[in-house]
Amino acid sequence: MKFQIRGKNIQLSEALKEYVAKRLGKLDKFFEGDPEAVVTLSVERDRHRVEVTMPINGFILRGEEENSDMYVAIDLVEEKLEKQVSKYRTRLFNKRNKGQSLRGPVAGADPCYYEEEREPEIVRTKRFAIKPMPVEEAIMQMNLLGHNFYVFSNAETEEVNVIYKRKDGNYGLIEPE
């Protein structure tokens with residue numbers, strides 16, 4: 001596995017880089033080839049954050065964890081990604097290979113990772129008229145509805161956009177390219 005390790009507000013020591021490579025290298029057992037992972041380590045006040053992004057076969061696996069100890073945060077993000085990878089592999093193989101995996105269960109791996117999972121399904125469809133509005137009005141409308149996101153037609157660009165509430169309390173805007 002290849003790593004791009006970046007640091008924000010932190011000096012990256014060789015020991016820290018080696019620990020990231022050792023822990024996240026465990027995910028290599030799930031993949032054929034040599035996948036690449038972008039790892040960002042950051043420190044904000046007393047919180048250590050680890051973000052990992054892995055583009056794999058057109059999908060993007062992403063994990064983010066935060067802790068008061070950087071090494072614990074790395075461990076947590078590795079566990080989270082391992083669960084995501086096993087879900088991704090199970091769903092991918094069920095669709096393409098009728099349940100056959102490329103490498104099969106890994107020795108010593110938790111067998112619950114390979115159990116059949118029920119596919120999520122669409123249980124409700126909503127239809128609504130999209131009226132053009134500025135971003136500020138869309139934020140207000142989203143907050144009035146008590147939702148975490150809101151789909152609207154941006155009055156400035158005349159395109160469909162999505163406004164959403166971020167974990168940090170700010171807002172994000174998704175625009176088509």
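How far CD of Gln84 is from NZ of Lys80: 7.0 Å, rounded to the nearest 0.5 Å.
Residue pairs satisfying the side-chain hydrogen bond (donor to acceptor under 3.5 Å, both in side chains) criterion with at least one member in residues 141-150, sequence neighbours excluded, are listed as follows: Asn143-Tyr171.
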Let me have the donor-acceptor pairs involving side chains of residues 35-48, under 3.5 Å, with sequence neighbours excluded, atom names and distances please.
| from | atom 1 | to | atom 2 | distance (Å) |
| --- | --- | --- | --- | --- |
| Glu36 | OE2 | Gln4 | NE2 | 2.9 |
| Arg47 | NE | Glu66 | OE2 | 3.4 |
| His48 | ND1 | Ser68 | O | 2.8 |

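Counting non-hydrogen atoms of neighbouring residues, nucleotides and ligands closer than 6.0 angstrom, the CD atom of Glu159 exceeds 12 such neighbours. Heavy-atom neighbours of Glu175 CD from other residues, nucleotides or ligands within 6.0 Å: above the threshold of 12.
When every heavy atom of Val50 is checked against every heavy atom of Ala73, the shortest pair comes out as CG2-CB, 3.7 Å.
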Yes or no on side chain to side chain contact (heavy atoms under 4.5 Å, CB included) for Ile74 and Leu16, after CA distance, side-chain angles and deciding distance? CA-CA 10 Å; Ile74 293 168; Leu16 194 56; 3.9 Å; yes
Lys131 and Glu137: side chain to side chain contact (heavy atoms under 4.5 Å, CB included), yes or no, with the steps? CA-CA 11 Å; Lys131 77 172 199 174; Glu137 185 179 334; 3.5 Å; yes
For Arg49 and Glu65, what are the C-alpha separation, side-chain angles and deciding distance, and is it a side chain to side chain contact (heavy atoms under 4.5 Å, CB included)? CA-CA 6 Å; Arg49 174 177 284 184; Glu65 285 294 334; over 6 Å; no
With side chain to side chain contact (heavy atoms under 4.5 Å, CB included) as the test, would you mind laying out the steps for Asp75 and Tyr19 before giving the verdict? CA-CA 10 Å; Asp75 293 345; Tyr19 191 77; 2.5 Å; yes
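Arg62 has its side chain out of reach of Val52: every pair of non-hydrogen atoms, C-beta onward, lies at least 4.5 Å apart. Met1 is not listed as a side-chain neighbour of Lys26, based on a closest heavy-atom distance of 4.5 Å or more.
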